[in-house]
S.K.: 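Here's a structure for you.
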Amino acid sequence: MTDHSRFYIGAAFVAGILLTLGFKDFYPELERRFRQRRTRKDEAEESLVYDQDGNFSFLDISKDSLKARTGPPAIVEGIEGCIGNTPLLKIKSLSEETGCEILAKAEFLNGAGQSSKDRVALSMIQEGEKRGLLQPHSGDTIYEGTSGSTGISLASLARAKGYLAHICMPSDQAMEKSNLLLKLGAIVDRVPPAPIVEKNNFVNRARALAQAHTLASEGSSPNSQDFPPGEDLPFTPGKTKGRGFFADQFENEANWKAHFQGTGPEIYAQCNGKLDAFIAGAGTGGTISGVAMFLKPRIPDLTVVLADPQGSGLYNRVRYGVMFDTKEREGTRRRRQVDTIVEGIGINRVTANFEVGRQLVDDAVRVTDAQALAMARWLVEKDGIFVGSSSAVNCFAAVKTAQKLGPGHRIVTILSDSGSRHLSRFWAQAGDVGGVVDTKLEDVLNAKEEP
């Protein structure tokens, strides 16, 4: 072996020692980064999502999104930042009476329209912007057919994000809803109740107005056949600014996705993944579908229950596979679509948002107007909770589910909105709670219509 060879071997040996020592110091950081990346990948959970034809696929939801917020709220950007992360409160009276832990998602604390529809409205607007159908401060107008709450959320967020709002609603809904919409700067059409098969139904009118707005902005004349004869439309071809955007809450998949991505993960985190039943009503069906699609794959034994008011066909859809109610078949009467004083839930037609999650709904509870009124009064009397009609229906169904499951179970339901927007109709019939009262839960469960 030559001197040169010995030199090169020695140099390589020394370099190897130095490299090993250096890598020893560097390796822990390299290993830490590798483990972080692998953990993040492992923490991506697959969620089962069904389409309208019953086919399913998987969506990834990171466990980072499943953390309940702790501590004081952060500074947020605008009113839209006040949507979501609502508290989950224990309804003490119902929990004590049933032996179950009955929890309610306080959706009336959302910060824009003060209802669960804030999530949906924001999701639909964001989806419209993503698809290039909405452009802020361009004159674009959001049109929607709604019984009230979605319209209020849309009107508030429209102003916050640089749009106008035009809301069509049935004329038999509580007046405070349309009054609030006007205060929020929306144009309001209170139209006579009509079945969805007729063009003057409030949903169909909103769709037609959005199309007419867009046509006029492009220089074309709106189709007069879509509107009553002699109606003066506020659209002039070539002079109308912006476009019309029909939010379409009943069929727009941004509805159920808002609850799949928000309400469901929040409930899961707040309960630490431990709950036995989820109860919700359905108007569009977005809440019950979105939450069920998030929770069911993670809690296979979870019972999902529909809370349905009288006159609605969804109870029969879940229980018996048929849609219409014998008292109010869609398209047969020129009257309210659903024969109930309950607003916001109950319907007699199939919607995309309900059907996408229907196979995950295990049971249904029908709630009469008398039972909803009695439950609303109970919540004020016993807990100081003042909510609207759909929330009362949800709570009644939660009690019935608790009795069916037996003591020791955890049940979650939704408090959709405050009773303050139901004063002139639902609460006018519920009446004043009064001073010293001692209502029994049996009285609520057995409430009957007054002759």
Side-chain angles (χ1 to χ4, degrees), residues 91 93-94 97-98 147-148 170-177 193 195 279-283 305-320 322-330 332-348 363-383 385-404 413 415-417 419-434 437-451:
I91 303 181
S93 67
L94 298 181
E97 289 283 343
T98 62
S147 61
S171 58
D172 56 2
Q173 301 298 287
M175 282 299 301
E176 51 265 32
K177 292 182 180 180
I279 318 295
V305 180
L306 169 74
D308 209 34
Q310 67 181 51
S312 172
L314 297 181
Y315 173 88
N316 286 336
R317 183 69 167 170
V318 171
R319 280 290 190 91
Y320 310 115
V322 297
M323 185 62 222
F324 63 86
D325 183 271
T326 55
K327 294 182 179 179
E328 189 72 15
R329 184 173 181 178
E330 180 62 56
T332 62
R333 295 186 181 182
R334 303 299 183 262
R335 55 181 293 184
R336 299 191 68 251
Q337 181 190 0
V338 178
D339 189 16
T340 177
I341 60 170
V342 174
E343 299 179 7
I345 59 174
I347 195 171
N348 276 331
D363 200 1
V365 175
R366 170 158 286 171
V367 184
T368 68
D369 284 353
Q371 291 166 337
L373 291 165
M375 177 55 73
R377 291 171 56 91
W378 168 280
L379 292 171
V380 171
E381 176 188 338
K382 306 295 184 182
D383 300 276
I385 298 174
F386 182 56
V387 290
S389 54
S390 60
S391 301
V393 171
N394 287 343
C395 290
F396 187 95
V399 170
K400 297 293 287 186
T401 302
Q403 291 180 328
K404 185 174 182 179
T413 191
L415 298 182
S416 306
D417 61 4
S420 60
R421 61 182 58 166
H422 297 262
L423 290 174
S424 65
R425 192 159 180 262
F426 180 78
W427 271 99
Q429 293 199 35
D432 299 333
V433 173
V437 286
D438 187 22
T439 306
K440 307 300 182 186
L441 187 59
E442 292 180 1
D443 300 333
V444 177
L445 297 176
N446 299 321
K448 305 291 184 183
E449 297 285 348
E450 294 184 3

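We number each residue from 1, following the sequence as shown. Only a predicted model underlies this, so the values are computations on that prediction, with no experimental measurement involved.
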S.K.: Return the minimal non-hydrogen interatomic distance between V393 and A372, and the atom names on each side.
M.R.: CG2-CB, 3.9 Å
S.K.: Quick one, V387 and D417 - any side-chain contact, counting heavy atoms below 4.5 Å?
M.R.: no
S.K.: If I compare all heavy atoms of A376 with all of F426, which pair ends up nearest, and what's the gap?
M.R.: CB-CE2, 3.6 Å
S.K.: Restricting to side-chain contact (heavy atoms from CB on, under 4.5 Å), what partner residues turn up for T439, sequence neighbours left out?
M.R.: W378, E381, D443, V444
S.K.: Calculate, to the nearest 0.5 Å, the distance between atoms CD and CD belonging to E449 and Q371 respectively.
M.R.: 9.0 Å
S.K.: Is the backbone N or O of Q173 less than 3.5 Å from a side-chain atom of R425, with the two atoms forming a donor-acceptor pair by type?
M.R.: no
S.K.: Rounded at 0.5 Å granularity, tell me how far SG in C395 sits from CD1 in I91.
M.R.: 4.0 Å
S.K.: Answer yes or no: is there an ion pair linking D432 with R377, defined by an N-O contact shorter than 4.0 Å?
M.R.: no
S.K.: Please report the interatomic distance CD(E97) to CG(L441), rounded to the nearest 0.5 Å.
M.R.: 5.0 Å
S.K.: Is there a donor-acceptor contact under 3.5 Å from the side chain of D308 to the main chain of G281?
M.R.: no
S.K.: For F386, what residues pass the ring-ring contact (aromatic ring centres under 6.0 Å, His included) criterion, not counting sequence neighbours?
M.R.: W427
S.K.: Looking at side-chain heavy atoms only, is the closest gap between L445 and F396 below 4.5 Å?
M.R.: yes
S.K.: So do the side chains of N394 and S416 get within less than 4.5 Å of each other, counting heavy atoms only?
M.R.: yes
S.K.: For a 4.5 angstrom cut-off between non-hydrogen side-chain atoms, does V367 reach P309?
M.R.: no
S.K.: Can you give me the closest heavy-atom contact between N348 and S312, atom names plus distance?
M.R.: OD1-C, 3.3 Å
S.K.: Rounded to the nearest 0.5 Å, what separates atom CG in L314 from atom CZ in R319?
M.R.: 13.5 Å
S.K.: Is there side-chain contact between I341 and S389, with at least one heavy-atom pair below 4.5 Å?
M.R.: no
S.K.: Do V380 and I385 make a side-chain contact, defined as non-hydrogen atoms from C-beta onward lying under 4.5 Å apart?
M.R.: no
S.K.: Does some side-chain heavy atom of M375 sit less than 4.5 Å from a side-chain heavy atom of V399?
M.R.: yes
S.K.: Just how far is it from atom CG of D363 to atom CD1 of I279, taken to the nearest 0.5 Å?
M.R.: 8.5 Å
S.K.: Rounded to the nearest 0.5 Å, how far apart are CG of L306 and CZ of R317?
M.R.: 12.5 Å
S.K.: Do K404 and V365 have side chains that approach each other closer than 4.5 Å (heavy atoms only, starting at C-beta)?
M.R.: no
S.K.: Counting N and O atoms only, with roles assigned by atom type, does the side chain of Q310 sit under 3.5 Å from a partner on the main chain of T340, one being a donor and the other an acceptor?
M.R.: no
S.K.: For a quick test of reading the model, state the closest non-hydrogen atom pair linking A307 to I345 and the distance between them.
M.R.: O-CD1, 4.0 Å
S.K.: Assess whether a salt bridge exists between R421 and E343, defined as any Lys/Arg side-chain N lying under 4.0 Å from an Asp/Glu carboxylate O.
M.R.: no
S.K.: Can a side-chain donor-acceptor contact be found between S424 and E176 if the only test is distance below 3.5 angstrom?
M.R.: yes
